[in-house]
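Comments concern the structure below.
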Amino acid sequence: MRGVLPLKASLLLTLSAPIKPGATSRLSATFERRLLEATAVLEEMERAYAKGREISEGRSSLQSFSIGAALQSAMNEVSRITGEKPMIGLLVSSLTLSSLKGLSDGASKPFRASLRAGVSSLLYRGNVEDTLKLLEALEVSGEGEVGELLERRGITKASVRVNALSPGNVYEVLGELETGFWLNLRDLDRLLELSRSIEGERSLVSAVQRAYLSLLEERGVAVRGKDVRELLKLDSALREQGGFDRLLGAVFLGTAIAAVDKWPWRA
């Protein structure tokens, strides 16, 4: 599907672009397994995009789409193919953004300008059953830190029912830990600002690297220029800390939003 091509390219280059200190890249020992995971995610992105188009074109109802069910299906497929738990940030961000792209394309609306309305309708429509399916998907993911954060914030199946929480409410909480959940009304402006900051880069790879380094600096990591030797030293140091793959969701989102406007993104 041509409409989802900029998003697919952004996902693959977010994974493979070197050098992203501390995060998965083509230099990582786990890169081949993550690339295998991406093959499953790319198919799920097409399904999510097609569903978004169906909704906008009136061939399906918004109520018939469950982001939680879509995520759980994708997680099961990734686990089946790789035997490992998925990179939840990239999985969530890619499926959610693909759905939103389908919504905007089906309505023939500019993608960036229609994102806020799309997020509101897709994630905040007050569908409690969808939120419960989202929690089930997160349980399937095996992400302990995600479960612990939800527990600390009192988000359980019972509280979802009592407070009529939407998937967007859950995204807001998890965005504090995992940037792949930044497609929510609280973090959207931050995400769009990141996207605008990389639009002038000469290629998608450069955009990915700049977005990642920018997010590193936000976390207080000093980045001294783009010298390869310095970046490799920093990469070695940060890998010992771990957790920097949690920045890749926002890297993908910011890059993909910019890529839609610039597609095809050529040097």
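Keep in mind the model is a prediction, meaning the values are calculated, not measured.
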Looking at K262 and E199, is there a salt bridge between them, counting it only when a charged N and a carboxylate O are closer than 4.0 Å? no
Student check: side-chain heavy atoms of N184 and Y124 closer than 4.5 Å: yes
Residues R186, E172: salt bridge by 4.0 Å N-O rule: no
With side-chain hydrogen bond (donor to acceptor under 3.5 Å, both in side chains) as the test, would you mind laying out the steps for T96 and S99 before giving the verdict? CA-CA 5 Å; T96 308; S99 303; over 6 Å; no
Between L216 and P21, is there a side-chain heavy-atom distance shorter than 4.5 Å? yes
Y49 side chain to D105 side chain, donor-acceptor N/O pair below 3.5 angstrom: yes
Would the distance check show the side chain of S114 and the main-chain N or O of P110 forming a donor-acceptor pair, the cut-off being under 3.5 Å? yes
Donor-acceptor check, side chain of W182 to backbone of A250, threshold 3.5 angstrom: yes or no? no
Any salt bridge between R153 and E148, counting N to O under 4.0 Å? no
Heavy atoms, side chains only, cut-off 4.5 Å: are I67 and V92 in contact? no
Carboxylate-amine/guanidinium contact K20 D235, below 4.0 Å: no
Any side-chain donor paired with an acceptor under 3.5 Å for R161 and T131? no
Keeping the roles fixed (side chain from S93, backbone from L90), state whether a donor-acceptor pair exists under 3.5 Å. yes
Check this for me: does any side-chain nitrogen of one of D245 and R34 sit under 4.0 Å from a carboxylate oxygen of the other? no
Are the charged groups of E44 and R47 less than 4.0 angstrom apart, N to O? yes
For K51 and S60: C-alpha separation, side-chain torsions, deciding distance, then whether side-chain hydrogen bond (donor to acceptor under 3.5 Å, both in side chains) applies. CA-CA 8 Å; K51 189 63 177 179; S60 184; 2.8 Å; yes
N76 and S79 side chains, donor-acceptor separation under 3.5 Å: no
Check R152 with E145, please: is the shortest side-chain N to carboxylate O separation under 4.0 Å? no
Test item: I19 and S25 side chains (from C-beta on) under 4.5 Å apart, heavy atoms: no
Report the residue from L12, I257, L11, L13 that forms a side-chain contact (heavy atoms from CB on, under 4.5 Å) with F252. L11
Charged N-O contact under 4.0 Å between E32 and R26: no
Any donor-acceptor pair under 3.5 Å from S121 side chain to G118 backbone: yes
Taking N169 for the side chain and S166 for the main chain, is one N or O donor matched with an acceptor at less than 3.5 Å? yes
